[in-house]
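Proteins come first, then strands; the chains are lettered A, B, ... in the order of their sequence lines, and each starts at number 1.
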2 protein chains.
Amino acid sequence: MERDKDKTKKKIIEALAQLLAKSGFSNIGINAIAREAGVDKVLIYRYFGGLSGLFAAFAEEENLFPKPDMIKKTGEVKLSSDLAEISKNFIRHYCNMLRKRPVTREILRWELIERNELTDSLAETREKQGLQVIALFDNYTEIDFPVVASVITAGITYLSLRAKTANVYSGIDITSDKGWERIEQGLVSLIDKMFPKNHLQKEADS
Amino acid sequence: MERDKDKTKKKIIEALAQLLAKSGFSNIGINAIAREAGVDKVLIYRYFGGLSGLFAAFAEEENLFPKPDMIKKTGEVKLSSDLAEISKNFIRHYCNMLRKRPVTREILRWELIERNELTDSLAETREKQGLQVIALFDNYTEIDFPVVASVITAGITYLSLRAKTANVYSGIDITSDKGWERIEQGLVSLIDKMFPKNHLQKEADS
DNA sequence: TTGACATGTCACCGGCCGGTGACTATATTG
DNA sequence: CAATATAGTCACCGGCCGGTGACATGTCAA
């Protein structure tokens with residue numbers, strides 16, 4: 001008997017992360033978490049008030065959806081470069097972030113099935129950051145930028161989730177680093193098409 | 001007692017569709033399906049050999065992922081218009097198809113979680129059709145078209161699934177017809193950017 | 001030291017699950 | 001009519017689930 005409440009709480013929270021990374025949300029339950037943590041399930045009720053409370057604690061604890069570097073701590077956006085560069089950086093950051101965060105992916109997966117304290121919390125931060133970035137493009141009206149940005153990030157999200165149950169999507173390898181470099185690169189050139197530097201230059205390379 | 005094997009089989013298959021549309025795949029199980037069909041569960045084992053067999057039968061029965069009109073029955077592709085027009089038509093078809101097919105959406109959702117006879121069957125037809133369309137753009141090398149097409153269709157898929165648990169994605173309304181018209185329109189103008197008719201015309205409207 | 005409290009253990013409940021064996025009722029065929 | 005195959009019913013099993021009450025054990029303060 002360890003008799004250390006804080007340590008036990010931490011063990012439980014880490015067990016949740018472990019379970020998510022290992023087998024996704026489908027097997028998440030009081031029994032499974034307690035088993036994984038090597039702790040009696042009644043403690044989950046006592047310390048967190050059940051699954052919901054544990055989810056809330058987990059959402060606060062972990063850095064599930066880090067802000068891109070371009071968004072400073074103050075929430076201000078670094079405007080050092082043009083819109084195309086901002087877009088490219090965001091895409092690169094988003095791809096890498098998702099690729100190296102299995103737990104975040106599992107929660108995004110979960111989010112498509114049901115809502116709970118965890119998914120809601122993640123969805124909220126994501127929505128806020130998305131709006132923040134999109135706001136930069138307010139005066140760019142040649143295309144419906146919010147729609148395009150939404151579809152592209154949604155597409156990246158989908159492909160990163162799909163990689164768990166498939167290797168290929170429309171011929172694109174979605175499991176290897178190489179495949180993801182191709183995806184990033186392809187999107188980057190799309191961005192260049194969307195934001196032509198100027199018409200003269202465009203005329204020149206034809 | 002009805003004593004009509006074929007009718008009972010149909011009842012079971014339809015119960016599966018009903019359940020999927022009603023409450024998604026999470027509640028799918030022998031007991032639930034039998035209950036929904038008003039039939040004893042042992043018949044599912046006898047007639048289909050269990051869930052897997054039922055899934056296979058269901059996949060054959062239903063038209064879960066209809067081909068777009070542009071792909072004729074022979075598999076040939078109608079080349080009546082230019083690449084931009086083909087892309088736009090495909091996007092429109094894909095959005096509408098997903099929006100009006102709750103069962104297909106549920107299976108796509110399922111596909112992100114686990115694999116079974118149903119999800120594999122749907123994934124296969126989808127992959128084939130995707131490659132067929134993308135093949136049309138083989139000689140268009142200005143951008144990595146397969147990547148862009150994959151990300152866009154993946155994005156549409158994600159947003160259509162996400163609409164079950166959220167109303168908004170980066171400020172875009174993803175639940176109403178109006179919101180989806182905006183998404184279609186936004187992508188259509190993106191396509192126009194990707195396939196400029198010619199440089200003279202492009203120069204003219206600036 | 002002793003009592004009170006916090007921490008952790010254990011056993012049990014009802015409910016749903018997938019799966020199966022034994023049964024009944026109907027239809028068919030000789 | 002009788003024998004047999006087929007369609008459908010029913011009861012039961014073990015296992016896992018979420019949830020709870022009763023208990024044991026350690027800690028700390030009066």
Please report, rounded to the nearest Å, how far the [atom2] atom of [N] is from the [atom1] atom of [X].
X        : N       : atom1 : atom2 : value
Asp4(A)  : dG26(D) : CG    : C1'   : 13 Å
Leu43(A) : dT25(D) : CG    : C1'   : 14 Å
Ile44(B) : dA7(D)  : CD1   : P     : 16 Å
Asp6(B)  : dA7(D)  : CG    : P     : 9 Å
Phe48(B) : dA7(D)  : CZ    : P     : 13 Å
Arg46(B) : dA7(D)  : CZ    : P     : 9 Å
Lys5(A)  : dC5(C)  : NZ    : P     : 15 Å

Arg105(A): salt bridge (Lys or Arg N to Asp or Glu O under 4.0 Å) partners, not counting sequence neighbours
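Salt bridge (Lys or Arg N to Asp or Glu O under 4.0 Å) list for Arg105(A), sorted by chain: empty.
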Atom pairs and distances, donor-acceptor, side-chain atoms in residues 161-173 of chain B, under 3.5 Å, two or more places apart:
unit_1	atom_1	unit_2	atom_2	d
Arg162(B)	NH1	Glu111(A)	O	3.3
Arg162(B)	NH1	Thr165(B)	OG1	2.9
Lys164(B)	NZ	Glu106(B)	OE1	3.3
Lys164(B)	NZ	Glu106(B)	OE2	3.2
Thr165(B)	OG1	Glu111(A)	O	2.7
Tyr169(B)	OH	Thr153(A)	OG1	2.9
Tyr169(B)	OH	Ala154(A)	N	3.4
Asp173(B)	OD1	Thr175(B)	N	3.0
Asp173(B)	OD1	Thr175(B)	OG1	3.0
Asp173(B)	OD1	Ser176(B)	N	3.4
Asp173(B)	OD2	Ser176(B)	OG	2.4

Residues which pass ring-ring contact (aromatic ring centres under 6.0 Å, His included) with Phe58(A), listed by chain and number, not counting sequence neighbours:
none
Could you list the residues that satisfy ring-ring contact (aromatic ring centres under 6.0 Å, His included) with Trp180(A), not counting sequence neighbours?
none
Check the phosphate of dG8(C) against Thr8(A), side-chain N and O only, distance under 4.0 Å to OP1 or OP2. Yes or no?
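Checking dG8(C) against Thr8(A), a side-chain N or O does come within under 4.0 Å of OP1 or OP2.
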So, is Tyr47(B) close to the dG8(D) phosphate, meaning a side-chain N or O under 4.0 Å from OP1 or OP2?
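Answer is yes, contact under 4.0 Å.
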Answer yes or no: side-chain N or O of Arg3(B) and base N or O of dG8(D) forming a donor-acceptor pair under 3.5 Å.
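No.
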Check the interface with nucleotides 17-21 of chain D: list each N/O to N/O pair with the protein under 3.5 Å, or write none.
unit_1	atom_1	unit_2	atom_2	d
dC17(D)	OP2	Arg35(A)	NH2	2.6
dG18(D)	OP1	Ile30(A)	N	3.2
dG18(D)	OP2	Ile30(A)	N	3.4
dG18(D)	OP2	Asn31(A)	N	2.9
dG18(D)	OP2	Asn31(A)	ND2	2.6
dG18(D)	N7	Asn31(A)	ND2	3.3
dG18(D)	N7	Lys41(A)	NZ	3.2
dG19(D)	OP2	Tyr45(A)	OH	2.7
dG19(D)	O5'	Tyr45(A)	OH	3.2
dG19(D)	N7	Lys41(A)	NZ	2.9
dG19(D)	O6	Lys41(A)	NZ	2.6

Could you tell me if the side chain of Thr157(B) sits less than 4.5 Å from the side chain of Tyr94(B), heavy atoms only?
yes
Could you tabulate the donor-acceptor pairs under 3.5 Å formed by side-chain atoms of residues 29-46 of chain A, not counting sequence neighbours?
unit_1	atom_1	unit_2	atom_2	d
Asn31(A)	OD1	Lys41(A)	NZ	3.1
Glu36(A)	OE1	Lys22(A)	NZ	2.9
Asp40(A)	OD1	Val42(A)	N	3.0

